[in-house]
Amino acid sequence: MGPYVISLPISTSSEHLEALAEVSNFGRTDMGYPGQGPWTYCILPEESLDDKITGMSGAKSHPFGVDTVSLQPCLSYASRSQDRYITEEWDLPNGKWIFNVVLDGHLNHYTVDCIVQQLPKVVKDALYDSARESLSMRPEYISEMLRSAIRQVDDCLTSRVLNLLPENMSGEDCVNNKDSTSELPDADLLLIAESLGGATLVLSLTDSRGNLWIANLGGKSLNAAGS
């Protein structure tokens, strides 16, 4: 059989003009990194910027007095941001608590998504158990509880992977042995992926009396304080 031939009609002058018009509002940039990119962006008229930003912001007012906004420039699934935020109100035996956290994920989405699932539950369960057992809620106790909750989630990410390793095999041996993960089930591969990324966080916790605790984890800094 001979080669397949596809014939394309020659565009008319008007079609050329229409094509140029469709891309006339696009520009290219190196984002301030010479030699990289360039990346294509859409040039918006100034009068439409407010409406565009408002539509993309996902602004929301929550009934417990928290307003949230998230500006994510890349809306496609493949290019989605690794940033996450959580805002929740918890009705506990000792009153209502408001939990907020902003997470800046890096390297992959799996780690930050795992933290989103685990961290609020760990903090809420610790508060609930303390309230139910009438334990002291002194500011220093809540501060230490937040530190412990963050450590617990971080340790869980590591320990679940270490538990997958055969006896006497180190993490370095596993990385160097290409066959060590080739036959793992998808659930175990997910645990490994969750341990390979990372995230920084800024967290706030407020009790029913208005006391505020802040935790910040980024780089080498971790602080928790009560007011």
- Begin from the C-alpha positions of Leu217 and Ile150 and carry the test side-chain contact (heavy atoms from CB on, under 4.5 Å) through to its verdict. CA-CA 9 Å; Leu217 178 59; Ile150 294 171; 3.6 Å; yes
- Task: Could you check Cys156 against Gln118 for side-chain contact (heavy atoms from CB on, under 4.5 Å), going step by step and ending with a plain yes or no?
- Result: CA-CA 10 Å; Cys156 180; Gln118 290 195 21; 3.8 Å; yes
- Query: Going through the checks in order, is the salt bridge (charged side-chain N to carboxylate O under 4.0 Å, His left out) test met by Lys121 and Asp125?
  - Reply: CA-CA 6 Å; Lys121 183 179 186 305; Asp125 287 350; 2.8 Å; yes
Do [X] side-chain atoms and [Y] backbone N/O form a donor-acceptor pair below 3.5 Å?
{"X": "Asn108", "Y": "Thr111", "answer": "yes"}
{"X": "Gln82", "Y": "Leu107", "answer": "yes"}
{"X": "Trp97", "Y": "Leu205", "answer": "no"}
{"X": "Thr54", "Y": "Asp51", "answer": "no"}

- Item | Pairing residues for Tyr128 by the ring pair (Phe, Tyr, Trp, His ring centres under 6.0 Å) criterion, not counting sequence neighbours |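 So Tyr128 forms no ring pair (Phe, Tyr, Trp, His ring centres under 6.0 Å) with any residue.
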- Query: Given Gln36 and Asp30, is the side-chain contact (heavy atoms from CB on, under 4.5 Å) satisfied, shown in steps?
  - Reply: CA-CA 6 Å; Gln36 299 190 33; Asp30 62 4; 5.6 Å; no
- Query: Could Arg84 and Asp113 be called an ion pair, given the rule that one side-chain N must be under 4.0 Å from one carboxylate O?
  - Reply: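 The answer is yes: the pair qualifies as a salt bridge.
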- Electrostatic pair Arg138:Glu144 at N-O distance under 4.0 angstrom: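 Looking at Arg138 and Glu144, the cut-off is not met.
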Side chains of [X] and [Y] in contact at under 4.5 Å (non-hydrogen atoms):
{"X": "Val102", "Y": "Asp83", "value": "no"}
{"X": "Ile43", "Y": "Phe26", "value": "no"}
{"X": "Leu119", "Y": "Leu201", "value": "yes"}
{"X": "Leu103", "Y": "Val116", "value": "yes"}

- His62 versus Thr87, side-chain donor and acceptor atoms under 3.5 Å: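 The answer is no; no qualifying pair exists.
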- Message: Other residues, nucleotides and ligands only: do more than 12 of their heavy atoms fall within 6.0 Å of OH on Tyr110?
- Response: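 No, not enclosed.
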- Item | Residue list, side chain to side chain contact (heavy atoms under 4.5 Å, CB included) with Ser195, at least two apart or on another chain |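 Scan of Ser195 (side chain to side chain contact (heavy atoms under 4.5 Å, CB included), adjacent residues dropped) gives Val161.
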- Minimum heavy-atom separation for Tyr41 to Arg28, with atom names?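 Between these two residues, the closest heavy atoms are CE2-N, 3.4 Å.
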- What distance separates Leu212 CG from Asn100 CG, expressed to the nearest 0.5 Å?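 If we round to the nearest 0.5 Å, Leu212:CG and Asn100:CG are 9.5 Å apart.
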- Task: Say whether Tyr85 and Val66 are linked into one hydrophobic cluster, either directly or through other cluster members, by side-chain heavy-atom distances under 4.5 angstrom.
- Result: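 Tyr85 does not cluster with Val66.
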